Amino acid sequence: MNPTTFYDLISGRRRGALAALARGALRIAETPYAAAMRWRNAQYDSGRRLSTRVAVPVVCVGNLTLGGTGKTPFVAWLARWLRSRGVRVTLISRGYGAEQGGRNDEARELEQRLPDVPHLQNPNRVEAARTAIEECECQMILLDDGFQHRRLARDLDIVLLDALEPFGFGHVFPRGTLREPLAGLRRAQVVALSRADAVDAGERARIRETALRHAPAALWIEVAQRPRSLLNAAGARQPLEFLHGQRCAAFCGIGNPAGFRHTLAAAGAEVFALREFSDHHDYTREEIEALGRWAAEAAVQQILCTHKDLVKIGVTRLGELPLWAVEIGLEFLHGEDEFAALVGALLARIPPEPAEE
């Protein structure tokens, strides 16, 4: 089942007796998973499980739902903001989808975006944090996709909600896309509405009202993921205007294909064929060759993908056709100054440098 088919099923867009039966089965499977998440959170909330605090401030950027919420552009923006102030920052993530001893697609994308920021991947994020402090001499840690990982204490929790589907269709996985019950949002100090430009002001207000009902003390910010340019595997770039008048095919292996479709529309791409793969999909040689044939049969002139896909495929052409990733940047629509002040207050918690002998 590809991501769009799954979303059509759990959202109720897919009708009929079989779809209703499938949703019923998923609802049954949801119950123990949601109960387990509530129990686990209660263990930490009550102090029966303890979080480990490390010697430098920790900022977590996470999701409440499965799939892409525009987290990578947000992490990149925040890391650059800290680096511009002279802060030695290290990224830490679990490394989901990485092969044994390798780096996953998000790590490879962030390495290209942030060549001066170390990125450690380790399911044991407490151990990774200690390594970052001892070996990378970092002054601040960015915990990427760690909102549900509570073993490592953090000084600031930022949760991104995707404006296209902020609350996981009202259900925990597998009946919906929530990673935990919506009440978990109360742990966040910042709630960021990503792709806020994809919905109108009334819908943004409705999402904000629901989110702040669960996290009334949180700072509310709104951001947009803007297409900036085209990038190929050799590092060459083209302006978005390069696509004007060009027939395009596109594919993606991400958790939220709707977000990629929104990006393609914002970039002005005329997409005549689109293929979707599962999140963190590892493309085989046969699949890459098949994509080239598929695009050629569609009689297009350019092939587009996400940056996450490009770093895994690593070629400039599929068959005879150029392959480009749409580069994304972050733009604040609401709350940038308040957010900068909140993160800036953490700089005072950075331990002083040891005195030179």
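For clarity, every value in this text was computed on a predicted model and none was experimentally measured.
Cluster membership check: Y7 does not share its hydrophobic cluster with V199, using side-chain heavy-atom separations under 4.5 Å among Ile, Leu, Val, Met, Phe, Trp and Tyr. Cluster annotation: F6 is not connected to Y33 through the hydrophobic network of ILVMFWY side chains, with a link wherever side-chain heavy atoms come within less than 4.5 Å. Hydrophobic clustering, with ILVMFWY side chains joined whenever heavy atoms are under 4.5 angstrom apart, keeps L212 apart from I221. Residue V89 is not grouped with residue I141 when hydrophobic side chains (ILVMFWY) are merged at heavy-atom distances under 4.5 angstrom, including chains of intermediate members. In terms of hydrophobic clustering, with Ile, Leu, Val, Met, Phe, Trp and Tyr side chains grouped at heavy-atom distances under 4.5 Å, V223 and V326 are assigned to different clusters.
A salt bridge is absent between E134 and R130; no separation between the charged side-chain nitrogens and carboxylate oxygens falls under 4.0 Å. In this structure, K71 pairs ionically with D144, as a charged nitrogen and a carboxylate oxygen lie closer than 4.0 Å. A salt bridge links D279 to K308: one of the charged nitrogens lies within less than 4.0 Å of a carboxylate oxygen. Between D8 and R14 no salt bridge is recorded (no basic side-chain N to carboxylate O distance below 4.0 Å).
Although no hydrogens or angles enter the test, the distance criterion places a donor-acceptor pair under 3.5 Å between the side chain of Q139 and the main chain of R88. T316 places no side-chain N or O within donor-acceptor distance of the main-chain N or O of N232, the cut-off being under 3.5 Å. With hydrogens and angles ignored, the 3.5 Å screen pairs a side-chain donor or acceptor of S51 with a backbone N or O of R150. Although no hydrogens or angles enter the test, the distance criterion places no donor-acceptor pair under 3.5 Å between the side chain of K312 and the main chain of Y283. Judged purely by atom type and a 3.5 angstrom limit, Q301 uses its side chain to pair as donor or acceptor with the backbone of R247. Judged by distance alone, with hydrogens and angles left aside, the side-chain atoms of R125 form no donor-acceptor pair with the main-chain N or O of R151 at under 3.5 Å. Distance alone, capped at 3.5 Å, places no donor-acceptor pair between the R94 side chain and the P123 backbone. Checking side-chain atoms of E30 against main-chain N and O of V172 turns up a donor-acceptor pair under 3.5 Å. For the pair Q148 (side chain) and N63 (backbone), a donor-acceptor distance under 3.5 Å is present. The backbone N or O of I28 lies less than 3.5 Å from no partner atom in the side chain of R175, so there is not a single donor-acceptor pair.
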Steps toward side chain to side chain contact (heavy atoms under 4.5 Å, CB included) verdict (L82, V117)
CA-CA 10 Å; L82 291 166; V117 176; over 6 Å; no
Evaluate N256 against E165 for side chain to side chain contact (heavy atoms under 4.5 Å, CB included), listing each step before the verdict.
CA-CA 10 Å; N256 184 4; E165 181 41 58; over 6 Å; no
Give the intermediate values and the outcome of side chain to side chain contact (heavy atoms under 4.5 Å, CB included) for residues V300 and V271.
CA-CA 9 Å; V300 299; V271 179; over 6 Å; no
Does E327 form a side chain to side chain contact (heavy atoms under 4.5 Å, CB included) with R237? I'd like the steps, not just the answer.
CA-CA 9 Å; E327 278 197 300; R237 284 180 168 81; 2.8 Å; yes
Under the salt bridge (Lys or Arg N to Asp or Glu O under 4.0 Å) rule, what do E203 and R206 come out as? Steps first, then yes or no, please.
CA-CA 5 Å; E203 179 63 13; R206 284 188 288 273; 3.1 Å; yes
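Heavy atoms only, all atoms of each residue included: A215 and L185 are closest at CB-O, 3.4 Å. Here the closest non-hydrogen pair linking T65 and F167 is CG2-C, 4.3 Å. I328 approaches P227 most closely through the heavy-atom pair CD1-CA, 4.0 Å. Minimum interatomic distance between A250 and L264 (heavy atoms only, all atoms of both residues): CB-CD1, 3.7 Å. The two residues L330 and P73 make their nearest non-hydrogen contact at CB-O, 4.1 Å. Residues D309 and G253 approach most closely at OD1-N, 3.1 Å, considering heavy atoms.
Considering R40, R186, R187 as possible partners of E180, the one that fulfils the salt bridge (charged side-chain N to carboxylate O under 4.0 Å, His left out) test is R187. When T263, D162, T69 are each tested for a side-chain hydrogen bond (donor to acceptor under 3.5 Å, both in side chains) with R195, only one passes: D162.
To the nearest 0.5 Å, atoms NE2 (H119) and CZ (R113) are separated by 13.0 Å. Here the CD atom belonging to E241 is positioned 9.0 Å from the CG atom belonging to L230, to the nearest 0.5 angstrom. Rounding to the nearest 0.5 Å gives a distance of 8.0 Å between CG of L26 and CZ of F173. Expressed to the nearest 0.5 Å, how far CD1 of I158 lies from CG of L142 amounts to 8.0 Å. Interatomic distance, L193 CG to W220 CH2, rounded to the nearest 0.5 Å: 4.5 Å. Q121 contributes atom CD, which lies 11.0 Å from atom CD1 of I92 (distance to the nearest 0.5 angstrom).
Looking only at side-chain heavy atoms (C-beta outward), R208 and V191 stay at 4.5 Å or farther from each other. Residues F147 and R179 have side chains not in contact (no heavy-atom distance under 4.5 Å, counting atoms from C-beta outward). Between R23 and L9 the shortest side-chain heavy-atom distance falls below 4.5 Å. At least one side-chain heavy atom of D197 sits under 4.5 Å from a side-chain heavy atom of R226. Side-chain contact check for F251 versus I313: some heavy-atom pair is nearer than 4.5 Å. No side-chain heavy atom of M37 sits under 4.5 Å from any side-chain heavy atom of L178. Counting only heavy atoms from C-beta outward, the side chains of M140 and V59 approach each other to under 4.5 Å. Side-chain contact between L291 and I303 is absent, with no heavy atoms from C-beta onward closer than 4.5 Å.
Between F74 and F332, the two ring planes are tilted [angle within 30° to 60°]. Using cut-offs of 30° and 60° for the angle between ring planes, the F339 and W77 rings count as tilted.
The environment of CZ in R285 is sparse: at most 12 heavy-atom neighbours from other residues, nucleotides or ligands sit within 6.0 Å. For CZ of R15, the number of neighbouring non-hydrogen atoms (other residues, nucleotides, ligands) closer than 6.0 Å is 12 at most.
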